[in-house]
Amino acid sequence: MKVEKIESLFYIFENTEALPKDVGGLMNKALEARQNAYAPYSNFKVGAALLLDSGEVITGSNQENASYPSGLCAERTAIYYAGAKYPGSKILKIAITAGASNGNTSKPIPPCGACRQAIAEYEIKQKTPIEIYFMGTSGEVIKSDSLKNLLPLLFDNSLL
């Protein structure tokens with residue numbers, strides 16, 4: 001038997017004011033997008049904002065459906081729109097904010113598994129990492145330099 005240790009490195013910012021200016025602006029766009037979430041069933045709203053290499057900012061919010069699997073997360077809403085509208089552009093950064101619509105969520109909330117896989121697909125496709133910043137509705141912001149840091153045992157096309 002062999003044992004292998006896998007470690008991840010994260011950067012923790014005290015709040016949005018501690019972020020670099022460009023990232024703070026991107027997180028503000030995610031906070032604005034969160035207000036457009038349609039979450040009547042879970043009351044859990046998520047907003048995402050992507051920065052493309054062209055300088056374009058794409059936002060997305062979660063969109064629920066009475067048939068739960070039919071909804072779409074904020075991250076994938078933004079990523080798929082960017083892929084459809086700007087197919088040659090690279091995603092440089094993504095900012096995500098999430099929490100209950102009826103309260104304050106100060107704990108940073110990372111992307112779900114399905115969104116991690118979608119981010120991974122684009123990171124692999126563009127052959128460059130995507131910086132990921134995530135938070136609750138307030139408080140600390142966590143940064144990961146790459147999706148591979150959040151999902152180190154990545155499922156990709158090399159396994160097909």
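Along the sequence shown, residues are numbered consecutively beginning with 1.
Taking each heavy atom of G83 and Y122 in turn, the nearest pair found is CA-OH, 3.8 Å.
Residues passing the side chain to side chain contact (heavy atoms under 4.5 Å, CB included) test with S70, sequence neighbours excluded: N65, S67. With sequence neighbours excluded, the residues forming a side chain to side chain contact (heavy atoms under 4.5 Å, CB included) with T137 are R34, N104, T105, listed by chain and number. When the side-chain hydrogen bond (donor to acceptor under 3.5 Å, both in side chains) test is applied to S144, the partners found at least two apart in sequence or on another chain are N149. Partners of Q126 by side-chain hydrogen bond (donor to acceptor under 3.5 Å, both in side chains), not counting sequence neighbours, listed by chain and number: T128. Scored by the side chain to side chain contact (heavy atoms under 4.5 Å, CB included) test, P129 finds E123, S146 as partners (sequence neighbours excluded). Annotation: side-chain hydrogen bond (donor to acceptor under 3.5 Å, both in side chains) contacts of S61 (sequence neighbours excluded): Q63. The side-chain hydrogen bond (donor to acceptor under 3.5 Å, both in side chains) test applied to T16 returns no partner, not counting sequence neighbours. Among residues two or more places apart in sequence or in another chain, the side chain to side chain contact (heavy atoms under 4.5 Å, CB included) test is passed with L160 by F155, N157.
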inquiry  = Using the rule given for side chain to side chain contact (heavy atoms under 4.5 Å, CB included), can you reason through V46 versus I109, listing the C-alpha separation, both sets of side-chain angles and the distance that settles it, and then say yes or no?
reply    = CA-CA 10 Å; V46 184; I109 299 174; over 6 Å; no
task = For the pair L26 and Y133, evaluate side chain to side chain contact (heavy atoms under 4.5 Å, CB included) and give the outcome as yes or no after the intermediate values.
result = CA-CA 10 Å; L26 192 64; Y133 296 82; 5.7 Å; no
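Side-chain atoms of T59 and E32, non-hydrogen and from C-beta on, never get closer than 4.5 Å to each other.
Pairs engaging residues 4-30 under the salt bridge (Lys or Arg N to Asp or Glu O under 4.0 Å) rule: K5-E7, D22-K93 [sequence neighbours left out]. For residues 140-160, the salt bridge (Lys or Arg N to Asp or Glu O under 4.0 Å) pairs, not counting sequence neighbours, are K143-D145.
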Can you give the donor-acceptor pairs under 3.5 Å from side chains of residues 71-80 to other protein atoms, not counting sequence neighbours?
unit_1	atom_1	unit_2	atom_2	d
T77	OG1	C73	O	2.8

Going by atom type alone, with no hydrogens or angles, which donor-acceptor pairs under 3.5 Å involve a side-chain atom of residues 36-44 and a protein atom two or more places apart or on another chain?
unit_1	atom_1	unit_2	atom_2	d
S42	OG	F44	N	3.1
S42	OG	E64	OE2	2.2

